Amino acid sequence: MFKSIFGRMFWTYAILLLLVHTTISLSMTMLLTKFNERKQVELVASVAQTIEYWTSELQVTQTDAKSAQAYERMLYGWSRLISADITVVSLDGDIFESTCGISSIPDSMQENLNNDYITLKKSDFGNFYEHDVLTISFPIHYKDNKIGTILFNLGLPELRRTVMELLFMFIISSLIAITFAFVLVYIQAKKISAPIVSMNNAARKIAAGNFSERVQVTTNDEIGQLASTFNFMASSIEKSEQNRQRFISDVSHELRTPMTSISGFVQGMLDGTITDEERGDYLKIVLDESTRLTKLVNDMLEMSKMQSDNFKLDITPFDINELICTCIISLEKRIDDKGLDVNVDFRPDKLITLGDKYQIQRVILNLLDNAVKFSHTGTSINISTWIADGKAHIAVCDTGDIVDDSDLKHLFDRFYKTDMSREKDRTGAGLGLSLVQNIIRLHNQIITASCVPDENGKTGTTTFEFTLEVK
């Protein structure tokens with residue numbers, strides 16, 4: 001019963017409603033009893049004043065038989081009106097008149113006769129009644145002197161019957177309300193628990209490998225927000241799984257190609273297929289493939305290290321313009337071999353930035369290496385720095401084949417290569433730009449890529465731009 005959220009919610013609310021109903025019913029019983037008794041006392045008090053007046057008029061000032069008969073008829077009339085037996089007693093305990101036919105007052109009621117104030121007492125009136133009655137006594141005064149007492153005996157079953165009738169009406173009304181409350185609680189409990197059950201089932205399916213499973217979001221409350229968060233988490237897991245599978249596929253492909261080449265060339269040398277004259281050329285290819293493997297593994301290890309929580313940057317101030325010039329010099333031979341011009345536009349000439357100098361140098365070298373690699377022969381590479389919005393901006397532009405928007409969105413993905421890059425260069429593993437983006441993110445900065453087609457529509461200017469903090 002309490003094993004599910006729905007069961008706990010429904011039965012908790014149900015028990016709470018029953019406890020509230022029981023408490024209110026008991027309280028209503030006591031309050032209605034007190035209220036009924038008070039109303040009866042007020043009614044009897046108003047009658048007692050009338051009886052007090054006529055007692056002094058017909059029993060004290062007039063003692064003839066006609067007055068006594070009129071007095072008796074009056075008492076019986078009031079008795080029927082208020083549904084109570086009325087007994088008028090003198091100070092000596094003698095009965096003036098009684099509507100119940102009692103001949104003497106019980107000893108247990110003598111104390112009430114001596115009081116000069118209104119009293120209430122529950123008893124069987126000295127075994128005169130088969131059940132308890134509520135006796136209300138009122139003193140009778142004549143000329144400021146007490147001359148007797150009026151006793152009103154109200155049947156407790158009748159009083160309780162009135163209370164029970166009122167209580168019965170209350171219980172019927174409250175049961176109808178509780179029935180509607182139970183229905184609402186059931187609906188609400190179902191409404192709250194259903195998305196949780198759905199998320200639980202979806203989580204089981206995701207755990208089993210069905211990463212496309214989602215839950216339906218039907219509300220904007222906390223449960224709806226939880227469902228939206230769950231779907232976001234599921235999408236992230238699905239994307240991570242897709243990236244993992246693609247990563248494994250790409251790594252397998254990138255490792256298999258050079259290893260196949262290396263093993264093939266070595267086998268050719270061993271079995272004599274490759275002659276001694278050709279051996280030097282093929283050994284150079286084996287060395288290049290080995291270097292490529294080493295670089296791939298190192299880049300993967302570096303990216304893994306950057307994504308761990310233990311990786312720390314060595315933030316120091318340095319001149320970004322000077323660092324760019326150093327990187328250009330290191331690539332001078334490749335730039336000259338391809339007949340490229342390098343244009344720099346530094347504003348200001350000395351721009352001090354904050355960052356990990358070694359990591360930022362890797363970023364610049366990677367961007368320049370790509371610019372040299374994909375620039376058309378005889379074109380130019382433009383490098384510029386400037387300050388805007390309190391940050392240093394660094395841009396590297398090259399002129400080459402147009403990069404489609406679909407490719408631009410994935411340039412920073414691991415192992416991603418455009419068709420153009422596969423045609424022009426097969427030595428890269430597609431990790432360079434992903435490594436660049438990780439470094440920039442670690443600096444809490446941004447890097448973007450854009451491509452603007454030239455007027456001829458065949459070439460375009462590709463620009464990589466990133467930011468750094470200014471000292």
Side-chain angles (χ1 to χ4, degrees), residues 26 28-142 145-168:
L26 294 175
M28 287 291 293
T29 302
M30 293 185 291
L31 291 174
L32 286 173
T33 301
K34 293 294 182 182
F35 175 78
N36 193 39
E37 289 182 358
R38 187 173 71 252
K39 286 298 180 182
Q40 288 294 331
V41 170
E42 292 175 356
L43 176 61
V44 168
S46 63
V47 173
Q49 292 177 356
T50 303
I51 294 176
E52 181 183 34
Y53 171 77
W54 287 110
T55 298
S56 62
E57 290 293 326
L58 299 178
Q59 293 291 314
V60 178
T61 59
Q62 301 181 36
T63 57
D64 58 287
K66 187 176 181 180
S67 298
Q69 188 178 10
Y71 184 74
E72 180 181 357
R73 286 199 301 269
M74 181 198 68
L75 286 183
Y76 276 97
W78 284 116
S79 175
R80 288 193 298 271
L81 181 64
I82 64 175
S83 300
D85 292 333
I86 303 175
T87 302
V88 182
V89 186
S90 67
L91 286 177
D92 298 330
D94 298 330
I95 298 176
F96 285 151
E97 189 61 60
S98 177
T99 62
C100 62
I102 191 170
S103 59
S104 62
I105 302 301
D107 294 338
S108 60
M109 301 302 299
Q110 293 297 324
E111 182 181 353
N112 294 56
L113 302 178
N114 298 326
N115 295 326
D116 197 20
Y117 51 85
I118 300 173
T119 59
L120 284 77
K121 186 174 183 179
K122 293 180 181 180
S123 69
D124 58 3
F125 210 68
N127 296 323
F128 183 78
Y129 295 98
E130 295 180 356
H131 50 76
D132 287 347
V133 294
L134 174 65
T135 302
I136 307 174
S137 60
F138 288 86
I140 304 174
H141 294 88
Y142 179 72
N145 293 317
K146 182 180 179 182
I147 61 173
T149 303
I150 307 173
L151 300 177
F152 295 87
N153 291 331
L154 302 171
L156 287 179
E158 287 77 12
L159 292 175
R160 294 191 182 111
R161 188 179 300 113
T162 303
V163 173
M164 293 306 296
E165 288 177 356
L166 293 173
L167 187 61
F168 178 75

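This is a predicted model, so every value here is computed, not measured.
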Check: Just by distance, do the side chain of T149 and the backbone of P139 share a donor-acceptor pair under 3.5 Å?
Finding: no
Notebook entry, point to check: T99 side chain to I86 main-chain N or O, any donor-acceptor pair under 3.5 Å?
Noted result: yes
For the student: nearest non-hydrogen atoms of [X] and [Y], plus distance:
{"X": "H141", "Y": "D116", "answer": "NE2-OD1, 2.9 Å"}
{"X": "S46", "Y": "L43", "answer": "OG-O, 2.6 Å"}
{"X": "M109", "Y": "S123", "answer": "SD-OG, 4.2 Å"}
{"X": "A84", "Y": "L154", "answer": "CB-CD2, 2.9 Å"}
{"X": "S98", "Y": "G101", "answer": "OG-N, 3.6 Å"}

[X] [atom1] to [Y] [atom2] distance, which is reported to the nearest 0.5 Å:
{"X": "T135", "Y": "Y129", "atom1": "OG1", "atom2": "OH", "answer": "7.5 Å"}
{"X": "I102", "Y": "N153", "atom1": "CD1", "atom2": "CG", "answer": "7.5 Å"}
{"X": "L113", "Y": "K146", "atom1": "CG", "atom2": "NZ", "answer": "7.0 Å"}
{"X": "R38", "Y": "L120", "atom1": "CZ", "atom2": "CG", "answer": "12.5 Å"}
{"X": "E97", "Y": "Q69", "atom1": "CD", "atom2": "CD", "answer": "10.5 Å"}
{"X": "F128", "Y": "C100", "atom1": "CZ", "atom2": "SG", "answer": "4.5 Å"}

Check: Is the number of heavy atoms from other residues, nucleotides or ligands under 6.0 Å of Y76 OH greater than 12?
Finding: yes
Notebook entry, point to check: Within a radius of less than 6.0 Å around CD of E42, do more than 12 heavy atoms belonging to other residues, nucleotides or ligands occur?
Noted result: yes
Could you tell me whether the side chain of [Y] reaches within less than 4.5 Å of the side chain of [X], counting heavy atoms only?
{"X": "I51", "Y": "F138", "result": "no"}
{"X": "I118", "Y": "V44", "result": "no"}
{"X": "D85", "Y": "F125", "result": "no"}

